[in-house]
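To start, the structure itself, in structure tokens.
Only this structure's heavy atoms are used, side chains among them; waters, hydrogens and symmetry mates stay out. Counting from 1, the numbers follow the sequence of the chain as shown.
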Amino acid sequence: MYKVGGVVLAASASADEDKPRTALSVDELSLYTPPPQKIQRVQPERGQVEESVAALRKLAEPYTTWCQGVYGTVKPKVDSTVQFGQNSYVYLKNPPPEFYPRAGVIGLAGILGLFLGRGSRLKKVIYPTGLMAVAASMYYPQEVLTVAKNTGDTVYDLALQAYVAVEKLIKGKPASKKDRAEKSSSGETKA
């Protein structure tokens, strides 16, 4: 085929080269003209299975959203815990030279606290924790100060929140009808 301008010349495969060539337009060639098609997309009717799946998805949507929120909240905490475990493993794999004797002294202080704390449940918590904190403060004073400061701030915040909650309960309590009746009757006798 030869294309000249807007006209396409077609060569015939016959042996007669003497015949004149016929000129065809581009629209006449089937290669260039797509068949006219009127395609319309018809949405098939939804079947019973499709309806059931859609209803199930609609029911599960709040739960999946909640799970995604929980996952977004829990994932950073899990990642930090895993990182802490990996760091601890590396630290314990190559500990400083005096780490194990110090850990032994702190552990023995905790065991001594368990023996001294016999009796009440409060003693069983306070004695071992206190003795281990004292032993740890001998070897790691800077870290103990940091932990004590953070713990003190947290305890102060919790105490303040408890105080505000109790104050709201006491002040926000409406007087009962009986209390109002007693106040009004006592006010009349005094006047």
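Closest approach of G110 to P128, counting heavy atoms only: O-CB, 3.6 Å. In terms of heavy atoms, G113 sits closest to Y127 at O-CB, 3.4 Å. Here the closest non-hydrogen pair linking R46 and A54 is NH2-CB, 3.1 Å. The two residues A136 and I106 come nearest to each other via the heavy atoms CA-CD1, 3.7 Å.
Between atom CG of residue L112 and atom CE of residue M132 there is a gap of 12.0 Å, rounded to the nearest 0.5 Å. Taking CZ of F84 as the reference point, atom CG of D79 lies at 15.0 Å (rounded to 0.5 Å). Note that CG of L131 is 11.5 Å distant from CG of L108, once rounded to the nearest 0.5 Å. Distance check: K75 NZ to S80 OG gives 10.5 Å after rounding to the nearest 0.5 Å.
L122 meets the side-chain contact (heavy atoms from CB on, under 4.5 Å) test with S120, I126; sequence neighbours excluded. Applying the side-chain contact (heavy atoms from CB on, under 4.5 Å) criterion to E167, with sequence neighbours excluded, gives Y163, K171. With sequence neighbours excluded, no residue satisfies side-chain contact (heavy atoms from CB on, under 4.5 Å) with L145.
No path of Ile, Leu, Val, Met, Phe, Trp and Tyr side chains, each step under 4.5 Å between heavy atoms, connects I111 with V105, placing them in separate hydrophobic clusters. Taken together through direct or relayed side-chain contacts under 4.5 Å among Ile, Leu, Val, Met, Phe, Trp and Tyr, V78 and Y71 form parts of separate hydrophobic clusters.
In this structure, T151 contributes its side chain and A148 its backbone to no donor-acceptor pair below 3.5 Å.
When the shell of 6.0 Å around CD of E51 is examined, it contains more than 12 heavy atoms from other residues, nucleotides or ligands.
Inspection of the Q161 and D157 side chains reveals no N or O donor paired with an N or O acceptor under 3.5 Å.
Between E61 and T65 there is a side-chain heavy-atom pair separated by less than 4.5 Å.
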Side chain to side chain contact (heavy atoms under 4.5 Å, CB included) for L92 and F99? Distances and angles first, verdict last. CA-CA 9 Å; L92 291 175; F99 173 74; 3.4 Å; yes
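Judged by the 6.0 Å and 45° rule, R102 forms a cation-pi pair with Y140.
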